[in-house]
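Since the model is a prediction, treat every value here as computed from it, not as a measurement. Each chain gets a letter, A, B and so on, in the order the sequences are listed, and its residues count up from 1.
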2 protein chains.
Amino acid sequence: MISLTEENYLKALFNLANNAGEVNVNELSKQLDIKMPTVTSMMKKLAEKKLVHYESYKPLRLTEKGKKEAALVIRKHRLTEMFLVDKMGFGWEEVHDIAEQVEHVRSAVFFDKLDELLGFPKIDPHGAPIPDKNGKFAWIAYDKLSDCHAGETVKVSAVIHTSSEFLKFLNNREIRLGTKIKIKSVESFDGSMIVSYDNRPADTLTHTVCERLLVEKTK
Amino acid sequence: MISLTEENYLKALFNLANNAGEVNVNELSKQLDIKMPTVTSMMKKLAEKKLVHYESYKPLRLTEKGKKEAALVIRKHRLTEMFLVDKMGFGWEEVHDIAEQVEHVRSAVFFDKLDELLGFPKIDPHGAPIPDKNGKFAWIAYDKLSDCHAGETVKVSAVIHTSSEFLKFLNNREIRLGTKIKIKSVESFDGSMIVSYDNRPADTLTHTVCERLLVEKTK
DNA sequence: ACATTTTGTTAGATGAATCTAACATTGTAG
DNA sequence: CTACAATGTTAGATTCATCTAACAAAATGT
Ligand SMILES: [Mn+2]
Ligand SMILES: [Mn+2]
Ligand SMILES: [Mn+2]
Ligand SMILES: [Mn+2]
C-alpha cells in the first residue's frame, strides 16, 4: 500500500528524473517544499519498499517498480485534469491543484470510468502524454518553439512548466494547443520571437515563453 | 482549518445525532470503527475548536458551528454522489466509498461546478437532501413504507441505511426512487408486505426492507 | 591544496491520529 | 442497595510525516 505522501514523492521523483534518470535529495526537497532530512528518511522508507534505489550521498533513482507506480499516479493526475477540462468546463489553468488531490482517490473503477468517458485520451490538457494502465508512456518528440527558426510555421502541441500564471498569460494571448504560429523573425540578442497566429497582429514572445512551448513543425 | 479526519468525525456526529441531537462516545466509536479513547481525545480537540460541546461523561453535542461544518461536508459528499450517478453513469450502490474520499477535496470552485452542472439538485441519488451553501437542510417528511397500510399506493422517495448490499438488493427487485408501490396486504405477525409495482408479479418485502424505504403517499 | 559553499545525513523533537491497559463513572438488575 | 455490566477517561506507547540543530561529505574556486 502506497500512502498519499509516498505517491507525491514518487511523482515528484519521476518528473524530475525525466532526462538523467537521477535526482538529488536537494532538488527533490525543493520540488516538494520539504526539508532535506525529511526527504532522506522518506527515501530510506521507499528503498525498503523497493521503490527507489538509495545509497548515502548518491543520486536517487526510481526502481522499475517505482517508475511504474509513479506513472500510475501521473496517469490518475492527467486523467483527472482531462476530465475537469473536457467534461466539467474548467480552464487548463485551474485544474492542477484539484487533480493534485483527486489523484489520490483509491478506486480503480473511478479512474477507469474517467478514461472511458474521455474516450481513452492519449494526452492531457497541457499536451502531456497519459500513461497506459501498465504505466507505459507514448513519448512524443516535440521541439521547443525556442529551437525553431524564422520563416517556419509550427503548431503548439504541449506546454511545459504549467504554472497557473503562465497558462493565464497564454490565455490572454489566445495561445492554446493547436494554435499555428508563424515565426516572422528571431532577435538574436535575447532569443525573443516576433510571431503571428490566428490573424492577430504580430506579437513578441520572450525567450522564456518560447522555451515553454513545445511545437510540431508543419510543412 | 478542519482536517480530513475531523471532517469524518463531524459528519458521523451529525448523522448519528439526527433525532436526539445527542450522541454517545460509544456509538460514535462504533460508527467510525475507532476505539473509545481515540474518540474522547478527538472530542476534546473539537471542543477546543468550538465544534462540539464536550463534558466528561455527558453525551456529545455539536455546536452550531459544528453543525454547519458537518452539513457542508455532507453537502460535498452528496453533490459528489449525485455527480457520479447522474453525470458519470455509476450505480447508486457504487458511489458512497468514492464520495467518502472526494468529499475532502479542498476546492470551492470544484464543488460549485458540480452543483452547477447538476442544476443545483436538492436531493442525492438516495433521496437524501443536499444542504445549501450555508449548511441549511430542506427536510422533507417522508413515511416509512413499514408504517403504511394495505390498499395504499406510495412512491419510493428515499432509502435509509444505504449499504451497497441493500442497494444491490433493490436493483435486483428493480426498485428505485420514483417506483410506485401498491400495498396488497401486510402480514401482521412479521410486518412483511405483499406488494406490486411496475406490472411485475406480486412480491413480498420483509419488514427490514420496508423500514428502510421512505415513501410519499399518492392519492 | 586548502577554504568555503553546497549538499546530505544523523539525532532528537514534535504533532496528528491511532492503539492497549488500567482505572473511573454511570446505569441496571436483582 | 449493592453488584455487575456498560460506558467513558487517563496514561502511556506507536506510527507517520514533519521539523531543527549539529555534523559529515562532496563540490567548487582560487
Ligand atoms: Mn498537473
Ligand atoms: Mn498529490
Ligand atoms: Mn453516501
Ligand atoms: Mn470521508
Within the supplied structure, the quantity of interest is the number of heavy atoms (other residues, nucleotides, ligands) at a distance under 6.0 Å from A/Lys133 NZ; does it exceed 12? no
On DNA chain D, more 5' by nearest nucleotide between A/Ser56 and A/Thr38 is A/Thr38
Tell me whether the count of non-hydrogen atoms from other residues, nucleotides or ligands lying under 6.0 Å of NZ in A/Lys122 goes above 12. no
- Examine D/dT9: is either OP1 or OP2 under 4.0 Å from a nitrogen or oxygen in the side chain of B/Tyr54? Give yes or no. yes
Of B/Asp115, B/Asp124, B/Asp132, the one forming a salt bridge (Lys or Arg N to Asp or Glu O under 4.0 Å) with B/Arg75 is B/Asp115
Between CD of A/Glu55 and C1' of C/dT9 the distance, given in whole Å, is 15 Å
Heavy atoms under 4.0 Å, any strand shown: does A/Lys58 hit a base, just sugar-phosphate, or nothing? nothing
Taking D/dG8, D/dT7, C/dA11 as options, the one with an atom nearest any side-chain atom of B/Thr40 is D/dG8
Students often mix this up, so state it plainly: with edges at 30° and 60°, are the rings of A/Phe137 and A/Phe14 parallel, tilted or perpendicular? parallel
Legend entry - Distance test, side-chain N/O of A/Tyr57 to OP1/OP2 of C/dT6, below 4.0 Å: no
With sugar-phosphate meaning primed atoms plus P, OP1 and OP2, does B/Ser3 contact a base, only sugar-phosphate, or nothing at under 4.0 Å between heavy atoms? sugar-phosphate
So does A/Thr5 get a side-chain nitrogen or oxygen closer than 4.0 Å to the phosphate oxygens (OP1/OP2) of D/dA17?
yes
ask   = Taking only N and O in the side chain of A/Tyr9, is any of them less than 4.0 Å away from OP1 or OP2 of D/dC16?
value = no
- Query: Under 4.0 Å: is that the gap between some side-chain N or O of B/Lys35 and OP1 or OP2 of D/dG8?
  - Reply: no
